[in-house]
There are 2 protein chains.
Amino acid sequence: MAAEKPDKRSDKGEVWTPPPPGRHVYDYPRPSVTVDCVVLGLDADDVKVLLIQRGVDPFKHAWALPGGFVRDHEELDAAARRELREETNIEDVYLEQLYTFGTPDRDPRGRVITVAYYALAKLSDYRVKAATDAENVGWYPLDRLPALAFDHAEIINRAIERLRGKVRYAPIGFELLPPRFSLTQLQRLYEIVLERALDKRNFRKKILSLGLVIETDELETGVRHRAARLYRFDKKKYERLLKQGFEFAI
Amino acid sequence: MAAEKPDKRSDKGEVWTPPPPGRHVYDYPRPSVTVDCVVLGLDADDVKVLLIQRGVDPFKHAWALPGGFVRDHEELDAAARRELREETNIEDVYLEQLYTFGTPDRDPRGRVITVAYYALAKLSDYRVKAATDAENVGWYPLDRLPALAFDHAEIINRAIERLRGKVRYAPIGFELLPPRFSLTQLQRLYEIVLERALDKRNFRKKILSLGLVIETDELETGVRHRAARLYRFDKKKYERLLKQGFEFAI
DNA sequence: GCCATATGGTGTACCTTGTACACGAAGCAG
DNA sequence: CTGCTTCGTGTACAAGGTACACCATATGGC
């Protein structure tokens, strides 16, 4: 039978939660339930994922997704956001439930079912320490992931699949870019995520024909060549069109 | 605090599982975890969902999705299939994880997190008792659902959304039809699920151009007009094409 | 100031795909 | 034999996707 105490909460930095005075007794065994977050960000040439280095066993020193136990009266989404905030200081990101992983032995401590989420972050907003130093949180490019704890590699794969499948039919790519972006940046995003080259003129024609990105009067700065015009995504308009049955597609 | 024993297993027809000799004691409260299945079937003019009538509190006599508690060493998918088999005699259907619902008070017995699945069944294979009589399992058309237990109405809505979103980009519609079907049946399927009329000639042109439905030498029987030719879905070919990057789309 | 370098920004011709639309053929029932 | 019902088929036009090249504009070095 599985261990009865898989959830040493100190594992997850919840030292401020005092252990309850009473124990919790049930007629049948119950799993622990956790949330894990795949935070994806976009670099110049890569999709990157945010990982934290575990400080405790199991998988001490291994890299893992930010996540932790769902509290007794907490919504699952809220638990995911809380863990993100506590472990990585990330807030206000696009967050969506991904899949629930419950293979009985996925956690050596016992039965732990995890509800995985994925988040899309503007990488520039979260310049956590570079992954190459001794810091315990970092962005890793997908093709150079370190050894990962639990089944987290599988969870990341599923997040990427979801991103790839969804980016063409929902305007979620904008969540990976700063509020003002150039069309070239946007095109790079699609090229990186979809892993294929796109034609510049056709891409611009298509994007502009949707009428959802608005030209601003700002220009790119800090480049040593002609500066690109910046655009913004018109979320309000998108939501209006959505209600009328509009379908986003790239 | 929530009730400590939400999972009276007798609720779910597991009387054959003897209560364990020992109690289960944990340092922190744990939720119960269940699976629920939205089984969708296709009638002449409707999508229907399979419901069971609850025999015990809470929501005694109310209609609900088939489902129940995940066992200690059981995969989530396996739990969903087991519950389907136990409660509705349905086996060998297309089954896919849908979403996990965990609002703290969604079950009056305490914290119960449910991993929802949706299944697509060939309605003709499962002529359970009609929903209008006193039987405790029945197919209900989506627009005439009875009052539902827990948050099961919300779960059903999400299943429909998923079906609608997916049917155009994955060949899952075939799971709702018998192995041999007419193109008119297939068209009806899409019309019902997508809730819009399709042009017969254009639909046939499109479907046949995919090269995934194969003409058989069988004809429809039992109709009082010219019989339609029957086709079958070429799953093998689809899987081959998938690996080559083919994208199904209607 | 001028040149080299790098990216920004633009239009047209063709091809493929989607859409609108109507009628004779086949089979059964009476 | 007639009437009814569904089957099964093709064409013309519109829309959208694709392939493709060059001048403009900014910076930095000389």
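Every chain is numbered from 1, with letters handed out A, B, ... down the list of sequences. Computed over heavy atoms, backbone and side chain alike; hydrogens, waters and symmetry mates excluded. Source: prediction; values computed, not measured.
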Below 3.5 Å is the cut-off: list the nitrogen or oxygen pairs between protein and nucleotides 27-30 of chain D, distance only.
{"unit_1": "dT27(D)", "atom_1": "O4'", "unit_2": "Arg224(A)", "atom_2": "O", "d": "3.3"}

Show me the protein contacts with nucleotides 9-17 of chain D, counting only N or O atoms at under 3.5 Å.
{"unit_1": "dT11(D)", "atom_1": "O4", "unit_2": "Lys205(B)", "atom_2": "NZ", "d": "3.2"}

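Partners of Arg180(B) according to the side-chain hydrogen bond (donor to acceptor under 3.5 Å, both in side chains) rule, which considers only residues two or more places apart in sequence or in another chain, are Glu218(B). In this structure, the salt bridge (Lys or Arg N to Asp or Glu O under 4.0 Å) partners of Arg106(B), at least two apart in sequence or on a different chain, are Asp151(B). Not counting sequence neighbours, the partners of Asp45(B) by the salt bridge (Lys or Arg N to Asp or Glu O under 4.0 Å) test are Arg188(B).
Protein atom CG of Leu183(A) is 16 Å distant from nucleotide atom P of dT7(C), rounded to whole Å. The nearest whole Å value for the distance from the CG atom in Leu219(A) to the P atom in dA26(D) is 8 Å. Computed from coordinates, the Arg229(A) CZ to dT10(C) C1' distance equals 14 Å when rounded to whole Å. Atom CG of Leu198(B) is separated from atom P of dG18(C) by 13 Å (rounded to the nearest Å). One atom, CZ of Phe181(A), and another, P of dT7(C), lie 20 Å apart when rounded to the nearest Å. The CZ-P distance, from Phe203(A) to dG8(C), rounds to 13 Å in whole Å.
Aromatic ring pairs are classed by plane angle as parallel below 30°, tilted from 30° to 60° and perpendicular above 60°; the pair Phe233(A) and Tyr238(A) is tilted.
For residues 199-217 of chain B, the set of pairs meeting the salt bridge (charged side-chain N to carboxylate O under 4.0 Å, His left out) definition, not counting sequence neighbours, comprises Glu215(B)-Arg229(B).
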